[in-house]
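Only one structure is covered here, and it is reproduced in the block below.
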There are 2 protein chains.
Amino acid sequence: MVDKKTKNWAGCPVRFGMSQFGDKWSFLIIRDLMFKGRKYYNEFLEAGEGISTNILASRLADLEYNGLVSKHQDTIKRSKYIYNLTEKGIALMPMMLAMIDWAEEYDSQTEVPTEFIKMLRENPEKLQKELLEQLKQE
Amino acid sequence: MVDKKTKNWAGCPVRFGMSQFGDKWSFLIIRDLMFKGRKYYNEFLEAGEGISTNILASRLADLEYNGLVSKHQDTIKRSKYIYNLTEKGIALMPMMLAMIDWAEEYDSQTEVPTEFIKMLRENPEKLQKELLEQLKQE
DNA sequence: GTATTTAACTTGTAAAAAGCAAGTGAATTT
DNA sequence: AAATTCACTTGCTTTTTACAAGTTAAATAC
């Protein structure tokens, strides 16, 4: 039987999560990187969520500092920086997919592409594998 | 093939999630309700995270407004209010478990009870079933 | 049956964070 | 060499949070 009454998760995993990506903007940046193919400062800005330039810069720096995101000069256009999820960032995919599944169920406004949600529920491993391949080849 | 380039998740599930529970304190309250057996205002306050009284009241009201948490007079001690996760709140369990799994992997400080993390990885359905039963009988 | 305590907040104010508009600097294109 | 692009930074206003103290309603103590 699981001990629910444990009061001392000395280092609490949820608290740790919050310290690493525990605000709205971080989640939205991770979403952009994970599912939307956005990789540049400008693309995050233009995602239409209304994030301010200073907040975006600050969150990207935090995510990089925490090892969730990497930042490199773009090899093609050397004046640009390219942001990518690290392995640690990519490992948040199950959490993000669980959130998407939840939102699709409880929000009538949520419009996840039918194909996506169908695969998420019928063959989540395949979906995850496809998403991971996309992230790695980029 | 999954369409990663979809720019228009008109109602984005991640954005919806953030609007419903998208801050540190909400996550910690949900954690307390879901895994720690805390159900009273005072118990959340004394959880040791350092939340202020006004912020706690505000977050509980938000969570209730959003239908994640219910609030009732305690039947035994009628001066107290008891907070519980609704079905909608309980449905966040997969997301929370995914976060716990991630934190356990990437944070050496995180100390989830061995039995918990072992079951999470070896038999997640059983773990979830046990947790759900606890939540429902309370 | 009045007085004290418990429980769950609310209020006021100071500090911190976010939002907004404009500016900077380095590289690139013209 | 001048103008443009890109990724920020800076300064200021507004909003949110933190902290301490106060309020209210019910329950127990005397």
Side-chain angles (χ1 to χ4, degrees), chain A residues 7 14-15 17-33 36-66 68-85 138, chain B residues 14-15 17-33 36-66 68-85 89 138:
Chain A
K7 300 289 183 204
V14 179
R15 193 192 310 133
M18 292 303 98
S19 75
Q20 297 256 307
F21 54 81
D23 87 303
K24 174 188 164 186
W25 296 121
S26 301
F27 271 94
L28 292 174
I29 292 167
I30 291 167
R31 171 204 66 181
D32 283 354
L33 286 161
K36 302 273 187 170
R38 300 192 181 111
K39 324 176 100 60
Y40 299 99
Y41 182 92
N42 238 303
E43 292 181 312
F44 303 128
L45 259 192
E46 290 159 11
E49 298 289 353
I51 190 169
S52 303
T53 57
N54 53 347
I55 302 300
L56 174 57
S58 164
R59 288 302 179 282
L60 285 170
D62 291 348
L63 289 170
E64 192 193 358
Y65 177 81
N66 290 327
L68 300 176
V69 161
S70 66
K71 178 186 182 181
H72 298 292
Q73 275 202 328
D74 190 8
T75 44
I76 301 155
K77 229 192 164 183
R78 296 230 331 282
S79 67
K80 294 177 82 176
Y81 287 105
I82 189 159
Y83 292 92
N84 284 294
L85 288 171
E138 278 163 0
Chain B
V14 179
R15 192 192 311 132
M18 292 303 99
S19 75
Q20 297 257 308
F21 55 80
D23 87 302
K24 175 187 163 186
W25 296 122
S26 302
F27 271 94
L28 292 174
I29 293 167
I30 291 166
R31 172 205 65 181
D32 283 355
L33 286 161
K36 303 272 188 172
R38 300 192 181 110
K39 326 176 99 58
Y40 300 99
Y41 182 92
N42 237 302
E43 292 180 313
F44 303 127
L45 258 192
E46 289 159 11
E49 299 288 353
I51 190 169
S52 302
T53 57
N54 53 348
I55 302 300
L56 175 57
S58 163
R59 290 301 181 280
L60 285 170
D62 291 349
L63 290 170
E64 193 192 358
Y65 177 81
N66 290 327
L68 301 175
V69 161
S70 67
K71 178 185 181 181
H72 298 291
Q73 275 202 328
D74 191 6
T75 44
I76 301 154
K77 231 192 164 182
R78 297 229 331 281
S79 67
K80 295 177 83 177
Y81 288 105
I82 188 159
Y83 292 93
N84 283 293
L85 288 171
E138 277 164 359

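All chains are named by letter (A, B, ...) in the order of the sequence lines, taking the proteins before the strands, and each is independently numbered beginning at 1.
In the set C:dC9, D:dT9, D:dA18, C:dC9 carries the atom at the smallest distance from any side-chain atom of B:Y83. Across D:dC19, D:dA7, D:dA21, the shortest atom-to-atom separation from the side chain of B:T53 is found for D:dA21. The listed nucleotides are C:dC9, C:dA8, D:dC6; the one nearest the side chain of A:K77 is D:dC6. Set against C:dA7, D:dC6, C:dT10, the side chain of A:K80 has D:dC6 as its closest nucleotide. Side-chain atoms of B:A57 lie closest to C:dT10 of the nucleotides D:dC6, D:dT10, C:dT10. Side-chain proximity of B:Y41 to D:dA18, C:dG19, C:dC9: nearest is C:dC9. With D:dA18, C:dA8, C:dA18 as the candidates, the nucleotide lying closest to the side chain of A:I55 is C:dA18. Out of C:dG19, C:dT11, C:dC9, the shortest distance to the side chain of B:K71 is found at C:dC9.
Nucleotide C:dA7 holds its C1' atom 13 Å from the CG atom of B:L60, rounded to whole Å. Atom CG of B:N54 is separated from atom P of D:dG22 by 16 Å (rounded to the nearest Å). Rounded to an integer number of Å, the gap from CD1 of B:I82 to P of C:dA8 is 10 Å. Atom-to-atom, CD1 of B:I51 to C1' of C:dT10 comes out at 15 Å; the value is rounded to the nearest Å. The distance between atom CG of A:L56 and atom P of C:dA21, rounded to the nearest whole Å, is 17 Å. To the nearest angstrom, P of D:dT16 lies 11 Å from CG of B:D62. If you measure from atom NE2 of A:H72 to atom P of D:dC6, you get 21 Å, rounded to the nearest angstrom. Counting to the nearest Å, the C1' atom of C:dA27 and the CG atom of A:D74 are 13 Å from each other.
Taking the centre of each ring, B:F21 and B:F27 come in below the 6.0 Å mark.
A:E49 has its side chain within reach of A:R31: a pair of non-hydrogen atoms, C-beta onward, lies under 4.5 Å apart.
With rounding to the nearest 0.5 Å, the separation of CD1 in B:I30 from CG in B:L63 is 5.5 Å.
OP1 or OP2 of D:dA18 has at least one side-chain nitrogen or oxygen of B:W25 nearer than 4.0 Å.
For A:Q73 and A:K24, each mapped to the nucleotide of DNA chain C holding its nearest heavy atom, the one lying further toward the 5' end belongs to A:K24.
The pair B:D32-B:R38 meets the salt-bridge criterion, with a side-chain N (NZ, NE, NH1 or NH2) lying under 4.0 Å from an Asp/Glu carboxylate O.
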Determine, stepwise, if the pair B:L28 / A:V14 fulfils side-chain contact (heavy atoms from CB on, under 4.5 Å). CA-CA 7 Å; B:L28 292 174; A:V14 179; 4.0 Å; yes
